[in-house]
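The figures here come from the full heavy-atom set of this structure, side chains too, leaving out hydrogens, waters and symmetry mates. Naming: A, B, ... by sequence-line order, numbering from 1 per chain.
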Amino acid sequence: MALTETPMQAEAARTIYERSKPGRRAAVLPPAEVPEPPLAELIPAELLRDEPPRLPEVAEPEIVRHYNRLSRRNFDLDSGFYPLGSCTMKHNPRLNERVAALPGHARLHPAQDPSRAQGALELMWLLQRSLAEICGLPHVSLQPSAGSHGELAGLLLTRAYLADRGEERTKVLAPDTSHGTNPASVTMAGYEVVKVATDERGGVEMDDLRAKVDEDVACLMLTNPNTLGLFDENIAEIAALIHAAGGTLYYDGANLNAIMGHSRPGDMGFDIVHVNLHKSFSQPHGGGGPGAGPIAVSERIEPYLPRPQVVRRDNNGHGPFYDLDLDRPKSIGRLRGFQGNFGVFVRSYAYILSLGADGLAEASETAVLNANYLKARLAEGRAGERLPVAFDRHCMHEFVLSGKPMKRELGLATLDLAKRLLDYGFHPPTVYFPLLVEEALMIEPTETETKESLDAFAEAIVRILAEAEEGPEVARSAPYTTPVRRLDEVKATRKPVVRQVMT
Amino acid sequence: MALTETPMQAEAARTIYERSKPGRRAAVLPPAEVPEPPLAELIPAELLRDEPPRLPEVAEPEIVRHYNRLSRRNFDLDSGFYPLGSCTMKHNPRLNERVAALPGHARLHPAQDPSRAQGALELMWLLQRSLAEICGLPHVSLQPSAGSHGELAGLLLTRAYLADRGEERTKVLAPDTSHGTNPASVTMAGYEVVKVATDERGGVEMDDLRAKVDEDVACLMLTNPNTLGLFDENIAEIAALIHAAGGTLYYDGANLNAIMGHSRPGDMGFDIVHVNLHKSFSQPHGGGGPGAGPIAVSERIEPYLPRPQVVRRDNNGHGPFYDLDLDRPKSIGRLRGFQGNFGVFVRSYAYILSLGADGLAEASETAVLNANYLKARLAEGRAGERLPVAFDRHCMHEFVLSGKPMKRELGLATLDLAKRLLDYGFHPPTVYFPLLVEEALMIEPTETETKESLDAFAEAIVRILAEAEEGPEVARSAPYTTPVRRLDEVKATRKPVVRQVMT
Amino acid sequence: MSRYTSATPADRAEMLAAIGVDSVADLFEQIPAPLRLREPLALDEGLGEAEVFERLAALAARNGDADEEVCFVGAGMYDHYVPAIVDAIAQRSEFLTPYTPYQPEISQGGLQVMFEFQTAMSELTALPVSNAGLYEGPSSVAAAGYLAMGATKRRRFVVSRGLHPHSRETLATYAVGYGAEVVEVGLRGGETDAEALAAAVDAETAAVFLQSPNFLGAIERVETLGAAAKEHGALLVVACDPMTLGVLKPPGEQGADIALGEGQPLGNRLDFGGPSFGFFCATEEQIRRMPGRIAGETEDVDGRRGFVLALQTREQHIRREKATHNICTAQALNSLAAMVHLAWLGREGYRELGELLVRRTAYARERLAAVPGVELLHEAPVARELAVRLDAPVDRVLAKVAAARGIAAGYPLGRDYPEYDDGLLVAITERRTKAEIDDLAEALGAAIAAEREGVAA
Amino acid sequence: MSRYTSATPADRAEMLAAIGVDSVADLFEQIPAPLRLREPLALDEGLGEAEVFERLAALAARNGDADEEVCFVGAGMYDHYVPAIVDAIAQRSEFLTPYTPYQPEISQGGLQVMFEFQTAMSELTALPVSNAGLYEGPSSVAAAGYLAMGATKRRRFVVSRGLHPHSRETLATYAVGYGAEVVEVGLRGGETDAEALAAAVDAETAAVFLQSPNFLGAIERVETLGAAAKEHGALLVVACDPMTLGVLKPPGEQGADIALGEGQPLGNRLDFGGPSFGFFCATEEQIRRMPGRIAGETEDVDGRRGFVLALQTREQHIRREKATHNICTAQALNSLAAMVHLAWLGREGYRELGELLVRRTAYARERLAAVPGVELLHEAPVARELAVRLDAPVDRVLAKVAAARGIAAGYPLGRDYPEYDDGLLVAITERRTKAEIDDLAEALGAAIAAEREGVAA
Ligand SMILES: Cc1ncc(COP(=O)(O)O)c(C=O)c1O
Ligand SMILES: Cc1ncc(COP(=O)(O)O)c(C=O)c1O
């Protein structure tokens, strides 16, 4: 009997609402134990709801089955190679989940009095110190909730710093290779973005930069190594230029995994750095969060850091006392509730303890080795012709290929290649980014992968290109084996259906 | 592009040993901290190992991926309907896993002094009391590790009880419908099995029983409802017969899920009952354990219960003290180390607390309702003709169909039907058991299933039979969509390869 | 080679040969020499798993968590019982370890959960559109401000003092960036001062921000208060507590344009404040201005139902500086936990839980009000949190009750409201039994009495 | 309808109609009326999840677990650190919730893990055949007895007094059933008395049972002792501790026909004694007499590699009264945990762990021997557990050390060996740091001194 569909394809998507039946339930709540008057005796009737929301009505076994089965419709890092460029899909140690779940962490109320949260505050302080050392900058705020939140913080810090010097500036520079959050953050912070060009070695085009640096420039945002996976060799000069013009230098730390223990943004001259704990520091990505985006800053930026800040005080000679410092008159204020994504801090601190100075340096080394090896493998033979590397030099932890010749010669777009990779059991690289590279494929293997994984991935690319020599149809209609096949994304935006319709 | 294989089929099975490379590792051990002389200075060299065992050499990310991917090659209760007769595949609440994992339970050493294990001993005592109430017998030992272990215990108790009365008997009766563990336990306990026939209503053939009961009979082992899912209406008479002959009556509690809160083995006249906590009391089956098989017994059997026994003593007026009673001179002795599968006790006690008297009765009711409904659905139309129920009366929690007409008329063996069900996403029923029914299919839906699941299963059976009207080929070559297709079980027994060969 | 990497010396040699360099150090030469670290980082060497565990466990042991203390503290995050299936599901690798679902064909699990979550939030708030979640509560308030500016082209926010202090502060922080003014309206008898609010809203107002129940626990008359916003064409933004919406009139039925809030009570741990998530719902009109990810339903080439990230043209990775928000990594796993918790509660359970909270809170209010030295801070209706005044220094009373009885009695209002420096905010969840409420009353009474007598209790 | 069932009143009505009865009670009428319960069971009504959790947590809190006390107790189960991936993998539904793999096509995951586990156990013991695990240690000893009877047609067991007391007792219990005699041979200087053993073994002896390290921690000279068994054609059964086999000569290289033991130290919790698993390995000769499940490699119809339950003709479900054992449900998940733990340790880590245990145990032995009032019970070589004698009542010393220092100092040998009622068995794992060992020495010294002076320490 021939297969027409895979078992998962044969299973139609049904939501939990479509599995509901009136009267079914999972929760059994405790008895009230107290008087139970009609609610309208306690709250004016006009403030009460008429009908409860139409939540699912399903017993526990069916809830478990529903989400278990759904989970298998995801590809995940714990099942296979996930070379999604710029995302640092490195192993998520389960040890970190274990320590984060300890009741002393997981069940600690955020408003607990500091005297009864010394362990948590000390952990935060230790993480601050560790990140400061890794970044080469003296002060850290853990508050931002992700990289983009860190960027916004950095720009607001820049604004506060400049305002304190009586300056108001309007522009923020960012290379054309920068990540989308950079310009979006700039706008949210009330600045105007000015794009800086990239030179033929993949770094900042220095002439363009010189032309654009002036007294209106508040900040330059840079990723280094940048999103091409290349280290900007002119960084010292760039820093000097910006500082001379009175601006701040912001480091987008999404690519920190390339340089841990090898080079430090602070030493490069950066004033503000964000660190994506969900990238270099192994917080699981969770299908789109949670993460955390702590920032490390130089002395001159410190006064403006968000409130509250975790500090270590002397406890009248009784050892240290860890506290939340709210008394920060120049602070930009809060960026969110409470103290930040503490659960993420626990995981990342456990990771730092596990690897230590030696392990972090080794992780970056292996990440760089893996990327260069895979780049070399893909530069061989036909693949190297169809999918040339965008900038032909050693890369750091990732590299970018261009699918332009492939598209031209084989009729295969980068998207097709990506979709066909799904059939080979691989998560595709980041595609069509950075914008600068036509038909871009951005590949970041991370230190997690074995040589065998890298070889298998390279072979899959070679096989897909070989298939395409016969014609582009196979890849163009790919994928074939995924739970659903190519989806109509345009429809979803034109006529958005964003919730279950209840019948 | 046509599919030739599913993605899982395309992935060749590789063991963790085949993923190893010398030098890779996951564990980092703590430093010794103490002097580190060569081992031969501490232990005579001839007692030392030359080469370490060839365990896997794999880093942590690959271990996780390997077992995660392997896990998906299993069908499980949390993904679909699992009507495996006699196995009571009911929902495994995750609450039970949570409470079993509390350090106070999970990290308690079994040799802890009872004064510092009061919570654990009280829990065991409470579980003993609960099971005693459910079984209708005054005393419980939690020690046996599974049903078959409980059976062996019951037979050894019978032997000890008889010996104490100066009797030695040689035979144990068991119906031809009995589970394989029953006769196997009988042999292990040094008795000879005598089979008793089944009458046309599915109960014990009374004349045959009468003919076989004599002074050599130590015990009758019975499952009630039996493995046909039928309650033996003559149980009172059976009990009277055995007791009059001086034997004991043993209740195989594998089917207790049919009668919780509705009828009690003790009230039926049984002397010894085992309870499979992994069946009626929701301990997850774990792919073949762990479970636990506590036994409940009557007064006259109590003196012989295994050592140690959990008891409640008066603590000199300071409330109760729970203790391990080792001073049991007539005890048959230990059946295993320490106190039994305590982690299982925690889960099952949590389950009993969750359901309570009302919930347990409701569970059995729903189990019986579901079984009878599915039986009715399968009795409709063609299915009813091809797969008639073996004994046509209301069943309890399960029922047995005969595939004999299906085989004769359609050329489809029960095994083929079972394998084809895999393609439809269902776990097949228990097949070819009980032996008495030709081409048997033993179906136990449990209370866990929704009406929709039962309907879908019935429809799948109807569709498979309809396919077979066209010829038996489709089912005979099934399954098509499972990670591997039909396996050569004969080869595995003829030339057993039971471990990885190292190269 | 560490436990988390696999490159053996032999692998390394082969890989370097393929690359054509002699050592990994060669690859790092693109970093200018002066910027290359010569010394290892000043961090300890790596530790084995057991050692790391012991260190972290030792830190955890120095916290007074809600297992150790009976927790009546709320103020935005609450000690609800999260059922075991939430952890079991959220910890599945397939949900825990993927990235944002950029490749929908292999991300249907996560996408469908988002879609289900959006449906649930839409039902809770009675607004048709929900995103898949933002960072947390207060920054969602700031996001609403950004949206309102875009929608109205105005730059003035009128904010009730009943809005969570962290939300007000976060809004103010962001407003400095995107250039908006924040005007605060005070409280009266625990509720937002309706007259002052009406007076504050004008034709320049982009949005009015309310919270109900507000920070003092009072259920606001949102519809009445919102009239001023409607009148001037400002958006009405209502922050709400998702645990109360089984019984309280939902913002969508009270004229809210945007309903949002802190999602922690749904399926998320206390975690000393995060990670949790912020929910964000709005009217159809705002759908193309929404911040954050939104899953949408569509079909594959064979006509199979499927889900994708919809309306991506709002987002930073497509629209860059013109995006409606800068968010990228959000809190998907936390939203998933909420969805599982809500499925577990179910339609009936969710309502029952709301009722339970209201009734236990009413009981607690009555019980506490009867304690000598305690009086109600306001008499407005409450749902799950209540405010009292103590006739003794709040911090001293709290310390005493914690030390003597292991009770975290509540949140000292003086931290944020100088005008209520004798105020205590007491939160109720289904975990706080009648016996615990009675204990609290007794303990507070004893501590206050002792303070008044100047005696250590 | 409870939380775990789904039949709504409407479902029930439809289902009853399909069955053709009026009520579920009708279905129960096959139970003779006198046997039908009239009253509900005398158990409490069901409780909600949070309440059940609180009850069980309250019970758990009344145990002195190994988080609370520094645990030097061993005696067969040990406080090893189990890495987090073990739990993460073992808790996956796909491993947690299926039944025994009777349908191999949809059970390849579990079957392959069994195959890998068998390989690991075979490597550890240096015997070619392993089953997939039995209940636990002592009952595996009894199973070996049954096998030996079948293999030799003899009914006499010679057992070292160094075999775990629970194993000896369990063997005796079973032996009453299958009709065998058990003869015990004493210890000398901590080791099995070789002469007495040689004298005890005769032509009727089915098997000789040794344990190494034995219950007193002494590494036995298995090969020497086993000679008597070989001479008389009896099987040599050796119980061993899986954590020592990275460094100690494996039973298979010392002439053992069967090697078995308690598997708990590999990947399993203490769990107050269970569930864990027993491992059971043997020579090729015994393969068709093995108890328990065995996974074997085979192929599917298309030639794909796959795994099945092999040699099922040994088993009760096929062979009934002629089966080699009665076991059905065993401890598959516990064996899986062991396999993951071993994969994590890996070849090098496993050996290193063995070395660590030997060295820390040597240190502890020296340290304790230097404490006034403590002397070694024997001087035989030890690997991970050691026996001392105390010059003060053991129970009183233990109670004192626990109360004063939170240390569970060891296992009192007097529980099982009247001849050593002053004996204490001290177990070492990689969790027991040098500092803890030093503390133990100091605490024991102080407690003994106090006892001698008749003072409460
Ligand atoms: C280069 C770069 N910058 C910034 C970000 C934004 O980080 P986050 O997703 O944590 O907001 C990303 C994340 O993908 C990134 O790759
Ligand atoms: C009727 C019956 N009796 C006994 C047993 C044996 O129970 P266990 O597997 O717990 O040893 C079973 C298990 O399948 C059974 O179904």
Inset, instruction - Below 4.5 Å from any heavy atom of chain A, which atoms of B:E473 appear? Answer side chain, backbone, both or neither. - result: neither
Inset, instruction - Identify which part of B:N92 has an atom lying under 4.5 Å from any heavy atom of chain A, answering side chain, backbone, both or neither. - result: neither
Inset, instruction - Name the member of A:D78, A:N68, A:T481, A:V64 that forms the most heavy-atom pairs with chain B at distances under 4.5 Å. - result: A:D78
Legend entry - Evaluation steps, side-chain contact (heavy atoms from CB on, under 4.5 Å), between B:L3 and A:T6: CA-CA 8 Å; B:L3 293 175; A:T6 70; 3.9 Å; yes
Legend entry - chain A contacts, top residue of B:D423, B:T482, B:L77 (heavy-atom pairs, under 4.5 Å): B:L77
Inset, instruction - Please flag which part of B:P93 lies under 4.5 Å from any non-hydrogen atom of chain A: side chain, backbone, both or neither. - result: both
Inset, instruction - Could you tell me whether the side chains of A:T450 and B:R19 share a donor-acceptor contact shorter than 3.5 Å? - result: no
Legend entry - Minimal non-hydrogen separation, B:K21 against A:E452, with atom names: NZ-OE1, 3.7 Å
Legend entry - Atom pair OG (A:S71) and CZ (B:R72), whose distance is rounded to the nearest 0.5 Å: 7.0 Å
Inset, instruction - With a 4.5 angstrom heavy-atom cut-off, could you sort out which part of B:K90 is near chain A: side chain, backbone, both or neither? - result: neither
Inset, instruction - Check each atom of B:P7 against the heavy atoms of chain A and say whether the ones under 4.5 Å are side chain, backbone, both or neither. - result: side chain
Legend entry - Engaged part of A:S79 at the chain B interface, taking heavy atoms whose separation is under 4.5 Å: both
Inset, instruction - Counting only heavy atoms closer than 4.5 Å, note whether B:E11 contacts chain A via side chain, backbone, both or neither. - result: neither
Legend entry - Option that, when pairs with chain B are counted at under 4.5 Å, heavy atom only, ranks first among A:S453, A:G80, A:G425: A:G80
Inset, instruction - Using the side chain to side chain contact (heavy atoms under 4.5 Å, CB included) rule, pick out the option among A:E62, A:R65, A:E60 that qualifies with B:H91. - result: A:E60
Legend entry - chain A contact via B:S354 - which portion, at a heavy-atom distance below 4.5 Å: neither
